[in-house]
Amino acid sequence: MDEQGQRFQANIKKLEELNARFLAVLGKKKPTHPALTGPGQEFYAQSAASMLQDAAANPTRVFEQQVSFWSESLRNLARFQESPQQDGERGDPGDRRFSSALWEKNPYFRLLRDQFLTNAEAVRRAVSELDGVDEKERRRLEFFSSQIVEMMSPSNFLATNPEALERAAETEGDSLVRGLENLVRDLERNDGELLVTLADPDAFSVGDNIAVSEGAVVYRNELFELIQYSPTTEKSHRIPLLIVPPWINKYYILDLKPENSFLRWTVEQGFTVFVVSWINPGAGHRDTGIDKYASDGCLAAVREVKRLTGEDRINAVGYCIGGTLLALTLAYMTRTGDKSVRSATFLTTLTDFSEMAELSVFIDDDFLDAIDTEVEEKGFLPALHMSRTFSFMRAADLVYGPAVRSYMMGEPPPAFDLLYWNGDSTNLPARMAKDYLRRLCQADEFAKGEFTLLGKRISLRDVRHPLMAIACESDHIANWPGSYQGIAGMGSRDKTFVLSQSGHIAGIVNPPSRNRYGHYLCADWSGTPDEWRRQADFREGSWWPRWRQWLAKRSGAKIKARAPGDGGAAILGPAPGTYVLEKA
């Protein structure tokens, strides 16, 4: 048998093995509440009724939409016979799905692409021009219809993806075998649930080549480990800094590689830095809610930083939902007369949930009722559901694009630290999931002054500390207008708002050395977010140096730098600790 025949026989044998593994892992998949993966049946019924009512009330507009659709479709058919572009020209560089010249050179694939784009525009127009629906329903219609359209892209199917077919021909089918291997591997990793692996899981190891800033665990309770970082300067500011990250993800987004580590950079600026590393909760944390995260989390961390440094005041930073918790805790501290926090920094933080942009489509009873059922059964909300939700908010980049590369092109996942962190997800305790989704996101109790924390009724106006807030221009999780509204509603008379370019992660993890994303500044709080944006001045470069100057003014004089264990304080182990290593 020649080499080609041997290769063919080897692929056949491998396919048989993969098929057996595929069938075995599908048998492990557990039933999932349908409302965890899509809106409830009532949504579809209401949407259909709205479309029918609109068609009856506006027949002329519906006719115009149909005429426009068929006219564009006929133009697509006419182009089917046109000569392709020259070989050197690409299809559509602005749309990564169709950026290959193959979509333009072959009339068949060109027709598939053009007709898909025509169909997508017809759906978008039909939804956007729909009358008689409120803004909340329209937003849900726009989001979920766009999800269906995105799923049906011809680039997502082997028979209609010229790049995947060309790769299969070039590799004599090897790419398809590798793709099936990748698919089975992802199913096996998630017990039958399909979640695309975004980054090479073997390329990184927490504590070895990411999260390597030198420090020590100096306190631990059942909810978090407190890490103190070793100084890199002879002197540091007297007032220490506590960073409260989200517990939906792990803290080391702020300590990836040394060159983009926010924690390392902050230490290098002469600050004594502590960070909270939350536990990855399981069923035993069922009753852990916001009260517990405030008392045994945020307040306990403040107390320990004061004890370890001998200071009576600290500065604090909260990131995303960690910033929400920090704001709640600061409001409580105001109500109880606790002046332990000198200033606060909020990174991409929502505290007013009346404007949640894309995230709002999930904050409805169909999804939340299903989550209530799930957490009551398990005691926690599995990390898989949170990861999937956030991924589909950027489906092209985090779902379909990676799936095509992995399963159809047979490519291995890239060695990308940020995507590795993104896949290292955490669970949410049952009580916390309900508190956050029902009381904060859905009822917006904090902004309305109706939230009760540890027995105290608190509101945004109770946050009266000097503060700086950084939001991100294209943030799809904590949209910047919502962040602005929350900060504007706080009672502080000393506040600064910064709008960074880019998104939820890249706009924050934006080291000055890269000189990649700039930021906007404006001191006028009198108008709406859009009015603030129009008046804001653009500044080149990262916001980090501006924040350093702001924080330094509130951090006291320089003293001999503190190291973990100073004064005989106990060291429980080296950074990054043990909690961060726990997998969901």
Side-chain angles (χ1 to χ4, degrees), residues 204-233 236-237 239-258 260-281 293 296-311 314-323 325-326 329 340-341 344-345 347 417 421 424 426 508-509 551 555 561-583:
F204 300 100
S205 176
V206 176
D208 292 328
N209 58 356
I210 51 175
V212 294
S213 293
E214 186 178 348
V217 176
V218 291
Y219 174 78
R220 178 187 296 122
N221 65 18
E222 64 177 10
L223 202 55
F224 75 95
E225 290 180 329
L226 183 67
I227 300 172
Q228 179 181 354
Y229 289 93
S230 301
T232 58
T233 56
S236 62
H237 288 279
I239 298 178
L241 179 68
L242 169 67
I243 299 177
V244 183
W247 53 92
I248 292 176
N249 303 104
K250 295 183 178 179
Y251 84 89
Y252 68 88
I253 185 60
L254 298 175
D255 189 31
L256 292 170
K257 292 179 290 191
N260 64 357
S261 170
F262 178 75
L263 293 175
R264 178 185 289 261
W265 181 87
T266 305
V267 170
E268 291 172 348
Q269 308 312 304
F271 295 99
T272 303
V273 178
F274 294 81
V275 71
V276 169
S277 176
W278 301 104
I279 197 167
N280 197 340
Y293 271 88
D296 294 10
C298 213
L299 287 170
V302 170
R303 181 192 67 232
E304 290 304 313
V305 171
K306 289 167 57 181
R307 178 182 66 83
L308 290 164
T309 61
E311 300 295 332
I314 72 165
N315 291 311
V317 175
Y319 191 177
C320 189
I321 191 176
L325 175 66
L326 176 61
T329 305
S340 297
V341 176
T345 302
L347 308 179
D417 56 350
W421 165 86
D424 191 9
T426 59
I508 297 300
V509 184
L551 184 64
S555 297
R562 305 179 181 96
D566 279 357
I571 291 180
L572 306 182
T578 58
Y579 283 2
V580 73
L581 302 178
E582 296 173 358
K583 298 295 183 180

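The residues of the chain are indexed from 1 along the displayed sequence. What you see below is based on every heavy atom in this structure, not just the backbone, and it leaves out hydrogens, waters and symmetry mates. A quick note: this is a predicted structure, and the numbers were derived from the prediction, not measured.
The backbone N or O of Asp296 sits less than 3.5 Å from a side-chain atom of Asn221, completing a donor-acceptor pair. Glu225 contributes a side-chain N or O that, together with a main-chain N or O of Tyr579, makes up a donor-acceptor pair within less than 3.5 Å.
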Candidate pair Leu256 and Trp421, rule side-chain contact (heavy atoms from CB on, under 4.5 Å), full reasoning: CA-CA 8 Å; Leu256 292 170; Trp421 165 86; 4.1 Å; yes

Show the numbers, then the answer: is there a side-chain contact (heavy atoms from CB on, under 4.5 Å) between Tyr293 and Phe224? CA-CA 9 Å; Tyr293 271 88; Phe224 75 95; over 6 Å; no

Just do the side-chain contact (heavy atoms from CB on, under 4.5 Å) check on Ile253 and Tyr319 with the steps written out, would you? CA-CA 10 Å; Ile253 185 60; Tyr319 191 177; 3.9 Å; yes

Passes side-chain contact (heavy atoms from CB on, under 4.5 Å), Val244 versus Phe274? Steps please. CA-CA 9 Å; Val244 183; Phe274 294 81; over 6 Å; no

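Between Ser261 and Ser213 the shortest side-chain heavy-atom distance falls below 4.5 Å. Contact check for Val317 versus Leu551: no side-chain heavy atoms found under the 4.5 Å cut-off. With a 4.5 Å cut-off on side-chain heavy atoms, Lys250 and Thr426 count as touching. Side chains of Ile279 and Glu222 form no contact here, defined as non-hydrogen atoms less than 4.5 Å apart. For the pair Tyr251/Val580, a side-chain contact is recorded, criterion being any heavy-atom separation below 4.5 Å from C-beta on. Under the 4.5 Å side-chain criterion, counting only non-hydrogen atoms from C-beta, Val273 is not in contact with Gln228. Looking at heavy atoms from C-beta onward, Leu572 lies out of side-chain contact with Thr578 at the 4.5 angstrom threshold. Within the 4.5 Å cutoff, the side chain of Trp247 has no heavy atoms near those of the Val276 side chain.
The distance from atom OG1 of Thr272 to atom CG of Asp566, rounded to the nearest 0.5 Å, is 9.5 Å. The line from CG of Leu254 to OG1 of Thr266 is 8.5 Å long, rounded to the nearest 0.5 Å. The CD atom of Glu311 sits 7.0 Å away from atom CD1 of Ile239, with the distance rounded to the nearest 0.5 Å. Here Phe204 contributes atom CZ and Lys257 contributes atom NZ; the two are 6.0 Å apart, rounded to the nearest 0.5 Å. Note that the CG atom of Leu241 and the OG1 atom of Thr345 stand 7.0 Å from one another [nearest 0.5 Å]. For the atom pair CG of Asp417 and CD1 of Ile210, the computed distance is 7.0 Å after rounding to the nearest 0.5 Å.
Under the ring pair (Phe, Tyr, Trp, His ring centres under 6.0 Å) criterion, Phe271 pairs with His237, not counting sequence neighbours. Shown here are the side-chain contact (heavy atoms from CB on, under 4.5 Å) partners of Ala569, two or more places apart in sequence or in another chain: Leu308. A search for salt bridge (Lys or Arg N to Asp or Glu O under 4.0 Å) contacts involving Glu304 returns Arg307, not counting sequence neighbours.
Taking each heavy atom of Lys583 and Asp424 in turn, the nearest pair found is NZ-OD1, 3.3 Å. Among all heavy-atom pairs drawn from Val217 and Pro574, the shortest one is CG2-O, 4.1 Å. Here the shortest heavy-atom pairing between Gly270 and Thr233 reads CA-OG1, 3.8 Å. Residue Pro564 comes nearest to Pro231 through the heavy atom pair CD-CD, 4.4 Å, listed as atom of the first residue, atom of the second, then distance. Across all non-hydrogen atoms, the minimal contact from Ser205 to Asp208 is OG-OD2, 2.7 Å. The shortest non-hydrogen separation linking Ile571 to Ala216 is CG2-CB, 3.6 Å.
In the displayed structure, Glu268 atom CD is contacted under 6.0 Å by more than 12 heavy atoms of other residues, nucleotides or ligands.
Leu242 pairs in a side-chain contact (heavy atoms from CB on, under 4.5 Å) with only one of the listed residues (Asn315, Leu226, Val341, Leu326), which is Leu226.
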